[in-house]
Colleague: 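Quick one: the structure is below, questions incoming.
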Amino acid sequence: FFFSSRRRHTRFKCDWSSDVCSSDLTCDVMLRLSKKADYALIAMKHLAQQSPVLCSTSAREIAEQYDIPIELMAKVLQRLVRTGLLVSTQGTRGGYALSRPPALVSVADIIQAIDGPFTVTACSTEKSDCEQFGKCSIRDPLWQIRERIVTALGTVSLAEMANETVPAATPVAVMRR
């Protein structure tokens, strides 16, 4: 899997002939985040790195620091408020702040707040209208892969990202039926 954000790239490689995925093996499979999810991760990391004394930060400040269009940053921050990851205050000293400690927010929380549930195929949701849905032989294995991706992203906290102590890719066992 290739986890890509604007500032950092983490690559997980899988050798499908063995039962292990690690950063030292051969075959790449890509997971790509939306631009909005990238911006959300950037903003959340920025807010996590702020001094607790600074109660809030404006959308403009974040957008200007990272060369992100202000309108897009404002929309991303508003969605993070609606999903409960941020709180906003209005007024001359208003802005955005984390709603809970960075250690209690995962990368998966942030991405799903912006992009919704993770999907790996068109039939990754139970609302699929795929003609092959009832006969598909790979749907269940792909759903299991999806769950592993969610679990992996759920193990990285915003605090780790803010401190840049995200652990290196670790081997993951691949279960076969």
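Everything numeric here is computed off the predicted structure, so don't read it as measured data.
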Colleague: Quick one: closest heavy-atom pair of A74 and A59, and the distance?
Modeller: CA-CB, 4.2 Å
Colleague: Cut-off 3.5 Å, no hydrogens considered: what does the side-chain donor-acceptor table look like for residues 85-95, sequence neighbours left out?
Modeller:
| residue | atom | partner | partner atom | Å |
| --- | --- | --- | --- | --- |
| T89 | OG1 | G95 | N | 3.3 |

Colleague: Holding to side chain to side chain donor-acceptor pair (under 3.5 Å), I want the full list of residues that pass it with S34, two or more places apart in sequence or in another chain.
Modeller: D115
Colleague: I need the minimum non-hydrogen distance between S99 and G84, along with the two atoms involved.
Modeller: OG-O, 2.5 Å
Colleague: Quick one: CD1 on I138 to CD on Q144, what's the gap to the nearest 0.5 Å?
Modeller: 12.5 Å
Colleague: Can a donor-acceptor pair be found, under 3.5 Å and without considering hydrogens, that links the side chain of Q49 to the backbone of H46?
Modeller: no
Colleague: Nearest 0.5 Å, what's the CD1-CD distance between I70 and E64?
Modeller: 7.0 Å
Colleague: Sorted by first residue and then second, give each salt bridge (charged side-chain N to carboxylate O under 4.0 Å, His left out) pair with at least one member in residues 98-114; sequence neighbours left out.
Modeller: R100-D109
Colleague: How many angstroms lie between atom OG of S58 and atom CG of L77, to the nearest 0.5 angstrom?
Modeller: 9.0 Å
Colleague: Quick one: side chain to side chain contact (heavy atoms under 4.5 Å, CB included) partners of R79, sequence neighbours excluded?
Modeller: R82, T83, I114
Colleague: To the nearest 0.5 Å, what is the distance between CG on L47 and CD1 on I42?
Modeller: 12.0 Å
Colleague: To the nearest 0.5 Å, what is the distance between CD on Q50 and OH on Y96?
Modeller: 15.0 Å
Colleague: Using a 4.5 Å cut-off on heavy atoms from C-beta on, say whether the side chain of P102 contacts that of E160.
Modeller: no
Colleague: Which heavy-atom pair separates V156 from M161 by the least distance, and what is that distance?
Modeller: CG1-CG, 4.2 Å
Colleague: Test side chain to side chain contact (heavy atoms under 4.5 Å, CB included) on V105 and L98 and set out the steps.
Modeller: CA-CA 9 Å; V105 178; L98 298 176; 5.8 Å; no
Colleague: Could I get the full list of side chain to side chain contact (heavy atoms under 4.5 Å, CB included) partners for A108, not counting sequence neighbours?
Modeller: S106, Q112, F118, L153
Colleague: Between L72, I62, L33, which is the residue that forms a side chain to side chain contact (heavy atoms under 4.5 Å, CB included) with Y39?
Modeller: L72
Colleague: Kindly write out the residues that satisfy salt bridge (Lys or Arg N to Asp or Glu O under 4.0 Å) with E61, not counting sequence neighbours, or none if the list is empty.
Modeller: none
Colleague: Would you give the length of the straight line joining atom CG of N163 to atom NZ of K45, rounded to the nearest 0.5 angstrom?
Modeller: 9.0 Å
